[in-house]
There are 2 protein chains.
Amino acid sequence: MHSEQLEFAHAEGGVTAPKGFLAAGVSAGIKKSGKRDVCVLAAERACPASGVFTTSTTAAPPVLVSREHLADGMLRAVAINAGNANACTGGPGMQAARDMAEATAAALGCASEDIAVCSTGVIGVELPLDLVKAGIAEAVESLDNTLGEDAAEAIMTTDTFLKQLGISVTVGGRTFTVGGMAKGSGMIQPNMATMLAFITTDAPLSSESCGMLLRSAVNRSFNRITVDSDTSTNDTCILMASGAEGGPELQPGSAEHDAVGAAVEEIATALAQMVVRDGEGATKFVTVTVKGAITEADAEKVAFAIANSPLVKTALFGQDANWGRVAMAVGKSGAEIDPVKLEIVFAGITTCREGMAVPFDEVEASAMLAEQEIELIVDLHVGEAEATVWTCDFSYDYVRINGDYRS
Amino acid sequence: MHSEQLEFAHAEGGVTAPKGFLAAGVSAGIKKSGKRDVCVLAAERACPASGVFTTSTTAAPPVLVSREHLADGMLRAVAINAGNANACTGGPGMQAARDMAEATAAALGCASEDIAVCSTGVIGVELPLDLVKAGIAEAVESLDNTLGEDAAEAIMTTDTFLKQLGISVTVGGRTFTVGGMAKGSGMIQPNMATMLAFITTDAPLSSESCGMLLRSAVNRSFNRITVDSDTSTNDTCILMASGAEGGPELQPGSAEHDAVGAAVEEIATALAQMVVRDGEGATKFVTVTVKGAITEADAEKVAFAIANSPLVKTALFGQDANWGRVAMAVGKSGAEIDPVKLEIVFAGITTCREGMAVPFDEVEASAMLAEQEIELIVDLHVGEAEATVWTCDFSYDYVRINGDYRS
């Protein structure tokens, strides 16, 4: 999927950067702050789409409804509310999610099976359906191909910055644009649920291509980040392809198909990294790269064991080149390793080689660790496979944000 | 193994409470504080013994040597040092672990294969072998059947209290005593490695019985606690049976064998709970019980997902009845559940039934959550199996202790 020759150009806007998409974000009164909290993202007509969802067995009703409506690989629009996750809400919650889809379908004049719905916010509280429906009606009234940013604002909860971007790629004389928006500042928020991401493209893709490109991109982007190892009840990522670029449908294996796939992965990776940068209480953006593993699965296992270790994360917060904890995490990962071959480069400094300590300059280490961007490289020296995972540190603020009373 | 009829009597002392054991703890100069840091625990003669060790693939040299020396199920003594974990020390570390065993064997006049060795402390620093050997020689000189407490003191690192106890049980007219000591205040210390535990009994047990009783006890005690989900490079738990009670060897299936097994589990559980109570920065002792699972493995999976969730742990620190995070952890555990049957009792208050919120009195909840001992009960209502895991909360102090510079 990676093609080093491809050049991506910046495209103005987020989900409305590609042709064929409209969006709007409105204030429906769900957030106490009065900020935008309902948005609709619509294609001009039903188009090929695909979604990936949380693997949680306590998945929220909107996830169940969206999964059902995406079964035929077509979507006209997604309706999203922030401020209430509609999770752990039982039968009434399922009905509310269906009602959200129906209200959106009625306003757009399409079948409710062509609508996906997403909710993010407090768990276990009944969805204020009347507010949500009024917001959807208002948003559909306001739909415009310049309002991607309003939509991105409406899906935020405790996010400290708006997450959207667009890029275009030219291949074989054709130009395709991909845009996206996301929310999330913890795998799960302080009593809030979720990471949501929406990617749009004007490339003419089949439903099967949407599914293939989305899964591949998500596996190397959203599935490679961790803030606190927790999995939300509402995680959703949807790709919609309007085909408004206008040319013939892209065939798997073609240069155009590969280029759009690379652009989707580029957008997904950028959005995923934004989510980590906005991680709760984060003071460091940390890239964990594991090389020399026997399989990519092993490399990923080791990278996640390191990225999720509270001891590694607190050491990063403390600006401590504590490579012993990285060695500990390698050991508990379950991946196949040879302890006497282990090499650890901590923030640019080789601290361990052949499984043993390498003396290093503590002053130099302190300077490197004071940086906001930190790289941990582990070379297992037992194979050729590698994987990269992005994470953040664990700070006092993580405890403060998440230890606060729900009120 | 559990027999409700059994009565355990308190026995004075820890590892030297049972007959047939000697111990000593001395200051060898490894800890900068000058506190005791080397100890020897010896049986009067080589006796049946068994050990369980870390599953880490970066297991430290002393773990590798002890595993080898315990292969024949016999042990005369264990030599332990604190202040240096002899982990990630490569070939020289292996030689140092062997030298520790040989020095102990020479002082006691036995084969070095009858000696187990343990180290706990900083990872990746060469073991100061001369200090350790001098300490072992001094400890062997001082061996006495009243010095279990000195030994327990010598294995502490960042522990804030000494962990030892002894009990006896009378069955069929015979009285058996079991004693134990442990160290650990994190699955891994601030750049320190390890949980160590030593259990002694005067019951006449075969090597096979030692192995059977130890594994069963550890599975429901040390393997059911978590402070921060991290697995140390040095974790070790050893059971030694002196047989000094004097009667005939206990046969598996007999009331006596069962009673000693129950006493070993009782000691292991008490020591494991002490380790959690001394968890780094802990302000709460939390019992997580999962009922109504299809299998015990599923119950354990759910209990660990809850006990290891940073979001659940910070909510407990914040005294917040945030049951939505418990539902989230249930969902990510991978266990078989039915979301509409989920029941959650948070610190005595039913907060979720049939997968939906149950209104509760926030004032009452605050009072319950202010307690130092908290119980979380999750009933999956899909089967009959259950499991209990003990953990602690995640506090500012956890971040402070682990974010500190190594110096």
Side-chain angles (χ1 to χ4, degrees), chain A residues 54-59 87-91 122-125 186 188 190-191 193 228-233 308-311 314-315 317-320 322-325 327-337 339-340 342 352 354-357 394-396 398-400 402-406, chain B residues 54-59 87-91 93 122-125 186 188 191 193 228-233 308-311 314-315 317-320 322-325 327-337 339-340 342 352 354-357 394-396 398-400 402-406:
Chain A
T54 179
T55 55
S56 173
T57 52
T58 54
C88 296
T89 44
V122 190
I123 293 181
V125 175
I188 172 169
N191 198 37
D228 53 15
S229 80
D230 279 334
T231 305
S232 150
T233 49
N308 276 329
S309 162
L311 288 166
T314 47
F317 172 63
Q319 305 187 4
D320 175 7
N322 199 323
W323 63 271
R325 294 183 188 173
M328 173 284 298
V330 172
K332 77 166 181 172
S333 69
E336 214 171 308
I337 69 145
V340 301
L342 185 65
C352 175
E354 297 181 348
M356 290 168 65
F394 243 10
S395 69
Y396 291 119
Y398 180 86
V399 178
R400 184 186 53 73
N402 289 303
D404 266 2
Y405 288 83
R406 278 158 303 141
Chain B
T54 180
T55 55
S56 172
T57 52
T58 53
C88 297
T89 42
V122 191
I123 293 181
V125 175
I188 173 169
N191 199 37
D228 53 17
S229 80
D230 280 333
T231 305
S232 148
T233 49
N308 277 328
S309 162
L311 289 166
T314 48
F317 172 62
Q319 305 187 3
D320 176 7
N322 199 322
W323 63 271
R325 294 184 187 172
M328 173 281 301
V330 172
K332 78 164 181 171
S333 68
E336 214 171 308
I337 69 145
V340 300
L342 185 65
C352 174
E354 296 179 351
M356 291 168 65
F394 242 10
S395 69
Y396 291 119
Y398 180 86
V399 178
R400 183 186 55 71
N402 289 303
D404 266 4
Y405 288 83
R406 280 159 302 141

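No experiment lies behind these values; they were computed from the predicted model shown.
Annotation for A:Met328 and B:Thr233: closest pair CA-CG2, 4.3 Å, computed over non-hydrogen atoms. Nearest heavy atoms, B:Gly324 versus A:Ile123: O-CD1, 3.7 Å. The nearest pair of heavy atoms linking A:Cys88 to B:Ala327 is SG-CB, 3.7 Å. Smallest separation of non-hydrogen atoms from B:Val399 and A:Thr314: CA-CG2, 4.0 Å.
For chain A, no part of B:Thr54 is nearby; none of its heavy atoms comes within less than 4.5 Å. Heavy atoms of A:Ser395 lying under 4.5 Å from chain B belong exclusively to its backbone.
The candidate with the highest count of non-hydrogen atom pairs below 4.5 Å against chain A, out of B:Thr89, B:Val330, B:Leu342, is B:Thr89. The choice from B:Val125, B:Thr55, B:Ile337 that makes the most heavy-atom pairs within less than 4.5 Å of chain A is B:Ile337.
Not counting sequence neighbours, the partners of B:Ser56 by the side-chain hydrogen bond (donor to acceptor under 3.5 Å, both in side chains) test are B:Thr58.
Between B:Phe394 and A:Phe394, the ring-plane angle classifies as perpendicular under the 30° and 60° cut-offs.
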